[in-house]
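Written out below as structure tokens is the structure these notes cover.
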Amino acid sequence: MSAYKSDFLHTLASRGFIHQVSEPEALDALAKKGAVTGYIGFDCTAASLHVGSLLPIMMLHWMQQTGHKPIALMGGGTTRVGDPSGKDESRRILTDEMINENLKGIRAIFSKFLKFGDGKSDAIMANNADWLNALNYIDFLRDVGKHFSVNRMLAFDSVKMRLDRQQELSFLEFNYMILQAYDFVELHKRTGCILQMGGSDQWGNIINGIDLGRRMMNAQLFALTSPLITTSSGAKMGKTAAGAVWLNADLMSPYNYWQYWRNTEDGDVERFLKLFTVLPLDEIARLAALKGQDINEAKKVLANESTALVHGRAAADEAAGTARKTFEDGTFAESLPTIEIPRAQLDGGYGVLTAAVAAGFVASTGEARRQIKGGGLKVNDETVSDEKMTLTAKNLTPEGVIKLSLGRKRHVLLKPV
RNA sequence: GGGAGAGUGUCCCGAGCGGCAAAGGGGGCGGACUGUAAAUCCGCUGGCUAUGCCUUCGUAGGUUCGAGUCCUACCUCUCCCA
């Protein structure tokens, strides 16, 4: 399937991770000969990573699995500047406190995919704030800035797009690519890292780093980018009604995470199995051969495996069990997401509208009214027809809870306390 | 510095003779059909203690019974001239 001779590139290629590689033969030969050190940079713009970041994390994972040394670079310094690539508008500038807060949340994820330590192919976690924050402006201009041609920078897509559309590009953002290039060279100096990976939108930035490495140190560096992943119906990955699909359990429960993958479109199942699980390819081929209704089995495997990677096997099994009871057996699953309500509220009659808002189904009681009108809200699996309906102790199931549902997929248990 | 134009429902794009909670899309949510899929069809898509009340069209004033719409100033962006 792929012409690569090294385990590393062969694995990435056959699982669909590769969009572009600079000098593929040379990199392949190096990876065949010995351990290669490579890195990917991660933004600290949010408190958690979301599924969009899963792809680069998996690349680091495979890198380690095939005997190489991955570096997860936290953009503690570059996030202070903001990457203009692919953005129409300037990013909001984050405060340093926010960045550090975000960093904490993000770090936790990596240990689930990578083994960190001091061993030969143990992963390293770095933070570019360590070297960027200490830079001296004039020194930096003389040492690094002299290697950059503004004429050429203006030709880069990320810059050109802004200029063509007459959109503002601040000098701050204009410098982002220089800093990212410098990161690459700095990591090369510190760790012997020769490869930078990233999404396809990072190609230009990575190439800049390669050029800088050659000019400053006569080093041969490499770039590898992954394709932009969209669903087969064209939507960007990782968005749901509730917003982004977060990897941290406190922002998105394992159950909801499992559901996200369970609802994958048919056409995406094989691709996602390759990218987001570590199942062997022949097993994936078997699952991908399933047609029609049987493909649901493949979707469950996808949900199980990808949830197990992020939240652990136990959480994945529990989510699968909850889903099976709720959707297939039509029975009661006490493990559904639970919202606690004061018992006094229930005694006095708890309005369904308020309950729907409390459950997080809708943003306002007005919206709850509309959903009831459209037949979308259910109490204990019975469609609510009267928006004035109140929930009382009579609505409690034998298990002592009230099941509230919006649509066929969203279920919450209300539990009096 | 001079001249011309634009900013609309807090997701986006976009109509809007002085009576407007404001056309139409996209997206999203719900319903039907299915397989917890896609496609398709239908409904909904400012808030509330709701036959009424409150807040929305760049910002602040003004004219008017009544302003998204007219006038004035300001802010931001775009185009043309210097």
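Here is how names work: the chains are called A, B, and so on, in the same order as the sequence lines, proteins then strands, and each is numbered from 1.
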Using atom [atom1] in both nucleotides, what's the gap between [N] and [M] to the nearest angstrom?
{"N": "B:rC17", "M": "B:rC29", "atom1": "C1'", "answer": "36 Å"}
{"N": "B:rG14", "M": "B:rG7", "atom1": "P", "answer": "10 Å"}
{"N": "B:rG26", "M": "B:rC41", "atom1": "P", "answer": "10 Å"}
{"N": "B:rU10", "M": "B:rC81", "atom1": "P", "answer": "39 Å"}
{"N": "B:rG47", "M": "B:rC42", "atom1": "C1'", "answer": "27 Å"}
{"N": "B:rC20", "M": "B:rG68", "atom1": "C1'", "answer": "8 Å"}
{"N": "B:rC13", "M": "B:rA82", "atom1": "C1'", "answer": "36 Å"}
{"N": "B:rU56", "M": "B:rC65", "atom1": "C1'", "answer": "22 Å"}

In whole Å, I'd like the distance from the [atom1] atom of [X] to the [atom2] atom of [N].
{"X": "A:E270", "N": "B:rA37", "atom1": "CD", "atom2": "C1'", "answer": "16 Å"}
{"X": "A:L336", "N": "B:rU36", "atom1": "CG", "atom2": "C1'", "answer": "13 Å"}
{"X": "A:K325", "N": "B:rU36", "atom1": "NZ", "atom2": "P", "answer": "19 Å"}
{"X": "A:E387", "N": "B:rG47", "atom1": "CD", "atom2": "P", "answer": "13 Å"}
{"X": "A:D294", "N": "B:rA38", "atom1": "CG", "atom2": "P", "answer": "18 Å"}
{"X": "A:Q293", "N": "B:rU36", "atom1": "CD", "atom2": "P", "answer": "7 Å"}
{"X": "A:L406", "N": "B:rU45", "atom1": "CG", "atom2": "C1'", "answer": "14 Å"}
{"X": "A:D268", "N": "B:rU36", "atom1": "CG", "atom2": "C1'", "answer": "16 Å"}

First locate atom [atom1] of [X], then atom [atom2] of [Y], and finally report the distance between them rounded to the nearest 0.5 Å.
{"X": "A:Q345", "Y": "A:Y350", "atom1": "CD", "atom2": "OH", "answer": "5.5 Å"}
{"X": "A:N208", "Y": "A:I178", "atom1": "CG", "atom2": "CD1", "answer": "8.0 Å"}
{"X": "A:Y255", "Y": "A:R262", "atom1": "OH", "atom2": "CZ", "answer": "11.0 Å"}

Query raised in the report: Which of residues 364-378 of chain A have a heavy atom under 4.0 Å from RNA chain B?
Result: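 Within residues 364-378 of chain A, the residues near RNA chain B are A:S364, A:T365, A:G366, A:R369, A:R370, A:Q371, A:G374, A:G375, A:G376.
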Can you tell me the Watson-Crick or wobble partner of [N], both distances under 3.5 angstrom?
{"N": "B:rG27", "result": "B:rU45"}
{"N": "B:rA15", "result": "none"}
{"N": "B:rG7", "result": "B:rC75"}
{"N": "B:rU69", "result": "none"}
{"N": "B:rA39", "result": "none"}

Requested in this report: Measure distances between side-chain N and O atoms of A:E328 and base N and O atoms of B:rU36, and say whether any donor-acceptor pair falls under 3.5 Å.
Outcome: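 No.
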Query raised in the report: On RNA chain B, nearest-nucleotide positions of A:A363 versus A:G292: which is more 5'?
Result: A:G292
Requested in this report: Tell me whether the OP1 or OP2 atom of B:rA37 has a side-chain N or O from A:K409 closer than 4.0 Å.
Outcome: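 The answer is yes; a side-chain N or O of A:K409 sits under 4.0 Å from OP1 or OP2.
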**Report entry** Nearest atoms (heavy-atom pairs only) where A:T338 meets A:K415
**Finding:** CG2-CB, 3.7 Å
Report task. Answer with base, sugar-phosphate or nothing: what part of the nucleic acid does A:T264 contact at a heavy-atom distance below 4.0 Å? Result -> sugar-phosphate
**Report entry** Sub-6.0 Å ring centroid separation between A:Y182 and A:F140
**Finding:**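 Yes, close enough.
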Query raised in the report: Do A:Y260 and A:H50 have their ring centres less than 6.0 Å from each other?
Result: no
Requested in this report: Check every atom of B:rG30, B:rU36, B:rG35 against the side chain of A:I295 and return the nucleotide holding the closest atom.
Outcome: B:rG35
Query raised in the report: Between the side chains of A:D183 and A:Q180, is a donor N or O closer than 3.5 angstrom to an acceptor N or O?
Result: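 No.
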Report task. Indicate whether the side chain of A:H19 and that of A:S200 have a donor and an acceptor atom separated by less than 3.5 Å. Result ->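 Short answer, no.
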Report task. Tell me whether B:rC57 sits syn or anti, counting syn as a glycosidic angle within 90° of 0. Result ->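 Base orientation relative to the sugar is anti.
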Query raised in the report: Ignoring hydrogens and geometry, is there a side-chain-to-backbone donor-acceptor pair from A:K112 to A:V310 under 3.5 Å?
Result: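 Judged by distance alone, yes, a pair lies under 3.5 Å.
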